[in-house]
There are 4 protein chains.
Amino acid sequence: MQEVKLSRREREKLRQRRQMLAAALELFSEKGFHNVSMHEIAKRAEFAIGTLYKFFKNKEDLYKALVMEKAEEYHRVLMGVLSEEKDVLTVIEGYIVAKSRLFTDNLPILRLYFAETRGASFNIRAGLDQDIQRLYDKFIMRLVSVLQDGVRRKVFREMDPYHMAVALEGLTNAFLFCWMEDPEQHPYETNVPFIRDMFLNGVLNK
Amino acid sequence: MQEVKLSRREREKLRQRRQMLAAALELFSEKGFHNVSMHEIAKRAEFAIGTLYKFFKNKEDLYKALVMEKAEEYHRVLMGVLSEEKDVLTVIEGYIVAKSRLFTDNLPILRLYFAETRGASFNIRAGLDQDIQRLYDKFIMRLVSVLQDGVRRKVFREMDPYHMAVALEGLTNAFLFCWMEDPEQHPYETNVPFIRDMFLNGVLNK
Amino acid sequence: MQEVKLSRREREKLRQRRQMLAAALELFSEKGFHNVSMHEIAKRAEFAIGTLYKFFKNKEDLYKALVMEKAEEYHRVLMGVLSEEKDVLTVIEGYIVAKSRLFTDNLPILRLYFAETRGASFNIRAGLDQDIQRLYDKFIMRLVSVLQDGVRRKVFREMDPYHMAVALEGLTNAFLFCWMEDPEQHPYETNVPFIRDMFLNGVLNK
Amino acid sequence: MQEVKLSRREREKLRQRRQMLAAALELFSEKGFHNVSMHEIAKRAEFAIGTLYKFFKNKEDLYKALVMEKAEEYHRVLMGVLSEEKDVLTVIEGYIVAKSRLFTDNLPILRLYFAETRGASFNIRAGLDQDIQRLYDKFIMRLVSVLQDGVRRKVFREMDPYHMAVALEGLTNAFLFCWMEDPEQHPYETNVPFIRDMFLNGVLNK
DNA sequence: CATGAATGAGGGTTCATTCAT
DNA sequence: AATGAATGAACCCTCATTCAT
C-alpha cells in the first residue's frame, strides 16, 4: 500500500538496505555475530564500509535490524494463521504446518532467531532481547487465547491454556531442532503429524 | 574418596581452578564468550593474567573446560536417574524431577549449556560442539532405550521411541525455559506434574 | 618512466610506504628485530598502528619487505657492474668501487644485510633467508663466471674461480667492516686500492 | 692451578654453571637469543628456573657469560698460536689451521660469535659488544705485530701490517663461512692451503 | 553523497623475573 | 639453598568507527 508512494530514490535505498541485510545474514549465520567484521559484510554486499554505516549506525544496530526484520515476518505469518476463523483443531494443525514451513524455508536465520529468543542470547547486549521478547509475548498471548477458546468450547480439557501453549511450543521446537540438525533423518512429513498427535493426546477432551 | 590422597598443594590448585572457572562462569553467563576478556576473568578471580594461562592454555580452552565440566556433571546425574531399576513411569517422573532440579540449581551455566547443545553455538569453533554433542547423543540413546522398554512392556503405545524422547526433551526444556525467565511465575511444583501428565497422555497405552 | 602513470593516490601510498620502511630501518638497525615493537615503528613513522598493518600484514612481512627491497637494489647495482663489457681487471676494480660506495651510502641497512646474508640470522624464520640466499647465489655465480672468463683469457692463473670469488668477497667485506666501525680511520680511498692489489697479487698470472 | 683450591661445593657449582651454559648454547644456536625462554633453558639444563637466576642475574647476563666464555677460549687459543717462537710463515699457517679447527669443532657457538663480533650484533644491548670488541682488538694487535715483524724481516713487502691483518681475517672468515654453510662442499683440506697461498701471494716479498 | 584510508582502543597471549616456601 | 608458582608489563594484531575527499 504505502509502497506506491515511494520515490525511485527511496526504492533504491530499500533495495540497498535489503542487499546489506542479506549479506549480513549469510555471514552471521555462517560464522556468528562476533566472527564477522563490518568490512566483510560491506564487501559481500558490494558497498563501501562508509555506506554501510549510513544505513546502520553500528554493528549492533545492523544485527538488531536483521533479527527484528525476520522476527516481524515470522510474527506476521504465525499471527495470521492463529487468527483464521476456523475450528481450533484446524488452526492448531495450521500453526504446526506454518511454523514447520517457516523453519524449512529460512534455515539460516533460525540459528540467529533461537540464539536470541532462547537461551544463548548474550551475544548482543540487551535491547534486542526486549523487542523480540515483546513480539514473542504478543504471539504467545494470541496462542493462549486460541487455546482458551478451545477449552471454553470443551474441545480441550480444563487446563491452563498458558501451559498448553508452552507445551506446544516445546514440542514444535524440539522436532524442528531435530530437523535443523539432520533434515534427511527427520523429515517434515513425519514430524508434523507426530507433533499434532502428541499435543492433542495431551489436551483433547476424551 | 580419592580426595584424601590429594596433597595440600594439589588441593590448593583445585581450589584455584574452581575459583577461576567460577569467575569465568559468572562473566560468560552475564555477557557471553566474546564480550568477556581474559583480563576481566583474571581480575574477577583475583589472579594475575599469567596465572590464568597456567591453568588454561587459552581462552577457548577455559571455555571448553567450563562447559564440559558442567555437561559431564549433568550427564552423570541424568544417566544415573535413567539407569535406576524401577518401572518406566517412575523413571520418567524421576527424570523430569532431576532435570528440573538441575536447572533450578545451576541457572547461570544453563545459558551456556543450551548455547552449546542447541542451535546457536557458533560462539566456539568446532571441537566443543562435538564433545558435548557426543555426550548428549549418548544420553538420548539411553532415554530412547528406556522408552523402548516401556513400549515393549506395553506401558506405552506403539510409537517410535526416538520421537517420544524428542517430545519429552521438548516439553521439559520449554517449561524449564519459562522457569528460567520468570521463576516466580512458573514454579517447579506446577511444572513437573504438568510435564509428566502432558507427556504421559501422549504416550500411555489406554 | 612508469612513474608518470601513477595517480596522486598511488604516489601518496608509495610515499607512506617509504616513510614506514625508513622508520623501521632506523629502529631495526638501532636495536634489532626483536627489540623493536610495531607500535614503536608506527610512532616513529607518524602513523597509527592500524595503518602500518594496512601496508604490511605483520611484523615479519615488514621486515622482509625492508631487507628484500635493499637486497634487490644491491643485487641490481652489483650485477650491473659485473655485466659491463670491459676487460676483467676493470670490471673487478669497478666491482670493488661499487660495493664500497654501496656500503658508504647505506650504512644502516648493512647490519641488516649482513645479518641476513651471513650467519647469524635466526632472527627471522626461514623464507627470508632463502629469498636473500637465492639472490646472493645468483650474484656469486655471475662473479664466478666473470672470473672464469679471466682465467680462460689467461689474465688470471689456473685457479678455481669459485675460490677466487670467495676470496674477493672476504677481502671486500673485511675492509668494509673496518670502515663501518670507524670510517675516519679506514677511508674508502685507501681501502679500494689495497683490496684490489691484494686480490690481484693473489690471482694474476705473472 | 687454582682449581686445586676449590672446595667440593665450589666444584659442584662450577659443574652446574657449565651445565646451564651448555643448555643455553644448544638452544640459542638452534633458535636464536629471542626465541629461547629462560624456562626452556632451565628445563633443558634440568634445573629450576630460580636456580638459573641464582647463577645469572638475568637473561642478558647469561647470554653474555656464554659468549664471553667462548670468546675467551678462542682468544687464548689464537693468541697462543700467534705467540709461538717460529718464523712468520709458519706462525701464519699455524694460525689459519688453528682458526679452521676452532670453527670445525665449535660450529654451534659460531653463529653466536659472529652475530656479536660482526655486523648483526644488535641482538643484545651494548656492553657485550664492547667486551668482545676489546678482546678482539687485542688479538688483532697481536696479529699486526706478528705481521709487522715479517715486514721488518723483509719476509713481507712494505705494507701496512694492519691492512694485512684485515685481509687475513677477511680471507679466513670468508672461507670458513662457506664451510659453515656447506661443510661437504668446502672441506677444510682445500680451504687451508688456498687461504694461505692467496694471502701469501698478496704479501710476500718476491 | 559515497567512499575507503586512517585511527587507536582493546583483545589474547608470552615470558622475564620475583619471592614465599 | 633450591624451588617453581605467581606476577604483570608488553607484545602482536584486529576491527568498529570516523571523516576528509
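When reading the values below, keep in mind they use all heavy atoms of this one structure, side chains included, and skip hydrogens, waters and symmetry mates. In what follows, every chain begins at residue 1, and chains take the letters A, B, ... in the order their sequences are listed.
Under 4.0 angstrom from either OP1 or OP2 of E/dA2 there lies at least one side-chain N or O belonging to A/K13. Side-chain nitrogen and oxygen atoms of B/Q16 include none within less than 4.0 Å of the OP1 or OP2 phosphate oxygen of F/dA5.
Rounded to a whole Å, the NZ atom of B/K31 is 12 Å from the P atom of E/dG10. Taking atom CD on B/E40 and atom C1' on E/dG12, their separation rounds to 13 Å, with Å as the unit. We find that CE of C/M38 is positioned 15 Å from P of E/dA6, with the value rounded to whole Å. Distance A/H34 NE2 to F/dC15 C1': 13 Å, rounded to the nearest Å. A straight line from CD1 of D/I41 to C1' of F/dG4 spans 16 Å, rounded to a whole angstrom. Separating the NZ atom of A/K43 from the C1' atom of E/dA2 is a distance of 18 Å, rounded to the nearest angstrom.
Across F/dC12, F/dA16, E/dT13, the shortest atom-to-atom separation from the side chain of B/K59 is found for E/dT13. When distances run from any side-chain atom of B/H39 to the nucleotides E/dG10, F/dA10, E/dT17, the shortest one goes to F/dA10. With F/dA5, E/dT7, F/dC13 as the candidates, the nucleotide lying closest to the side chain of C/I49 is F/dC13. Comparing E/dT7, E/dC1, E/dG12 against the side chain of C/F47 picks out E/dT7 as the nearest.
In this structure, D/R18 and D/L14 have side chains that are in contact, with non-hydrogen atoms separated by less than 4.5 Å. At a threshold of 4.5 Å between non-hydrogen side-chain atoms, the residues C/F56 and C/K64 do not count as touching. Put simply, the side chain of C/E69 reaches to within 4.5 Å of the side chain of C/R17, judged on heavy atoms. Between D/H34 and C/N35 the shortest side-chain heavy-atom distance falls below 4.5 Å. Proximity of A/M38 to A/L62: side-chain heavy atoms (C-beta onward) are separated by under 4.5 Å at one or more points.
Secondary-structure stems of DNA chain F, taken as three or more successive Watson-Crick or G-U wobble pairs (i with j, i+1 with j-1) under a 3.5 Å distance threshold, comprise E:2-21 with F:2-21.
Listed by residue number, the members of residues 51-58 of chain D with any heavy atom below 4.0 angstrom from DNA chain E are D/Y53, D/N58.
Nucleic acid contact for B/E12: none, since no nucleic acid atom lies under 4.0 Å from a heavy atom of the residue.
For the atom pair A/L21 CG and A/K70 NZ, the distance stands at 9.5 Å (nearest 0.5 Å).
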